[in-house]
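As structure tokens, the structure follows; a few thoughts come after it.
Note: hydrogens, waters and symmetry copies are ignored here, and every other heavy atom, side chains too, is used. By convention in this document, chain letters (A, B, ...) are assigned in the order of the sequence lines, proteins followed by strands, and residues within each chain are numbered from 1. Please read all numbers here as calculations on a predicted model, not as lab measurements.
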2 protein chains.
Amino acid sequence: MQRSDILQAAAQAFRQKGYHAASMQDIADAVQLQKASLYHHVEGKQDILLAILDHALDLLITDLEEVVATDLPPDQKLRQAMHAYVGRLTQDADLAAVLLLEYRSLEPKARAQHIRRRDHYERIWRDLIKEGVQANIFQPVDETVATFALLGVQNWMITWFKLGGPLTAQQLADRFCDLFLHGLLTSEGHSKQ
Amino acid sequence: MQRSDILQAAAQAFRQKGYHAASMQDIADAVQLQKASLYHHVEGKQDILLAILDHALDLLITDLEEVVATDLPPDQKLRQAMHAYVGRLTQDADLAAVLLLEYRSLEPKARAQHIRRRDHYERIWRDLIKEGVQANIFQPVDETVATFALLGVQNWMITWFKLGGPLTAQQLADRFCDLFLHGLLTSEGHSKQ
DNA sequence: ATAAAACTACCGACCGGTCGGTAGGGAAAA
DNA sequence: TTTTCCCTACCGACCGGTCGGTAGTTTTAT
């Protein structure tokens, strides 16, 4: 039995029931341990949540920094970043769902610290958009709004996407990216504007 | 003291703490009643949650059906729908946040029923997109993906948007809509494709 | 007078967490 | 080589506290 096994089981439980509704007993059952034995590996329930959130954010930051370090043009960087992000959200779905939906359950101190790291991650995305705008590849949009829109589309995916459905994660990332790059309107739609 | 006062206070508590972390005592304090007195107006905690979700969905469905009943062109219908949606999400923020984030806490039976109604609501959006595609105003995108993208951007807004910030809700709806209709790429960006 | 609305007091269940204790394997001491 | 020791991993039992909910009574308003 390893600490990481407990974190994984906890992530699954937190995702399914939510942090407060999932009990330490649920987690213990999932790893076939007595509840008391969990405290040999972790300090408490909050400790588990914090470890999950830190780990999830670590993965995402690593992924994204790999992409922005390339010398691809901005629109292709964006596509790569979306592929990586959607990939993580589907591959490590439990971790991702807890990151996006359960960070509210952190106690104020830890939450403030976590939010600072999350903002740093969002700034990397915003800089990616800004790079495209300054290169005149992207239109002069409000970078903050565009970033939240981009992240919103992808984040909301975790609430409805099911592996094994009609689309793979990579196909979905491509369609999201196409939508963002080209928009909905046809030339006919444009001419009517 | 009216039932609706309790529902409003409960929505606020559920939004701030989450359904399970918010206690009946919290709700009672907010309406300056003893906890036991709540049970004169509502059947229980689940009853409160269900009433909030039903009410929130009622408002959204009414808003959206008003828009689709007009004879505006599809792209303008979309803009109107987004204005109405973003308006609700910011005006009735407590209701909306509970609708989008706390429906998971419904017991299985009620949840299944609620999800059916929510799917009906999403189908109205999808039909709106489909109408634009068939009129050749929108590109032949996958209507389901486009709908989830559209709703995702707007739904995620409730996690970061603050009234009194640099943008009003209506300005934000417009920027979202522009992004969706025209996309990010400039003509320079297109020429490089 | 009477019914609605609020109160006080209480319940069983479950929560996160702690306690003392133990099985067993490897290191240290004889 | 054998015995002592210690450490990791785990367990059953239990703690104080909080939860949603109920019973019975008093206050308030018509």
Detail all sub-3.5 Å separations between protein N/O atoms and N/O atoms belonging to nucleotides 2-7 of chain C.
residue : atom : partner : partner atom : Å
dA5(C)  : OP2  : H40(B)  : NE2          : 2.8
dA6(C)  : OP2  : H41(B)  : NE2          : 2.6
dC7(C)  : OP2  : Q34(B)  : N            : 2.7
dC7(C)  : OP2  : S37(B)  : OG           : 2.9

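When the shell of 6.0 Å around CD of E43(B) is examined, it contains 12 or fewer heavy atoms from other residues, nucleotides or ligands. Atom CD of Q91(B) is surrounded by 12 or fewer heavy atoms from other residues, nucleotides or ligands within 6.0 Å.
Here the P atom of nucleotide dC11(D) and the CE atom of M24(A) are 14 Å apart, to the nearest Å. Spacing between atom CD1 of I27(B) and atom C1' of dG21(D) amounts to 13 Å, rounded to whole angstrom units. The distance from atom NZ of K45(A) to atom P of dC14(C) is 15 Å, rounded to the nearest whole Å. Computed from coordinates, the E43(B) CD to dG21(D) P distance equals 10 Å when rounded to whole Å. The distance between atom OH of Y39(A) and atom P of dG16(C), rounded to the nearest whole Å, is 7 Å. In this entry the distance linking CG of D47(A) with P of dG16(C) reads 14 Å, nearest Å. The CD atom of Q25(A) sits 9 Å away from the P atom of dG16(C) (whole-angstrom rounding). Here dT8(D) presents its C1' atom at 16 Å from CG of L38(A), a figure rounded to the nearest Å.
Relative ring orientation between F14(B) and Y19(B) is described as perpendicular, the plane-to-plane angle rising above 60° on a 0-90° scale split at 30° and 60°.
Between the side chains of H114(A) and D54(A), no donor N or O sits under 3.5 Å from an acceptor N or O. In this structure, a donor-acceptor pair under 3.5 Å is present between the side chains of D29(B) and Q25(B).
The residues D119(B) and R126(B) are annotated as not salt-bridged, no charged nitrogen and carboxylate oxygen being separated by less than 4.0 angstrom.
Using a 4.0 Å heavy-atom distance criterion, A21(A) is classed as making no nucleic acid contact.
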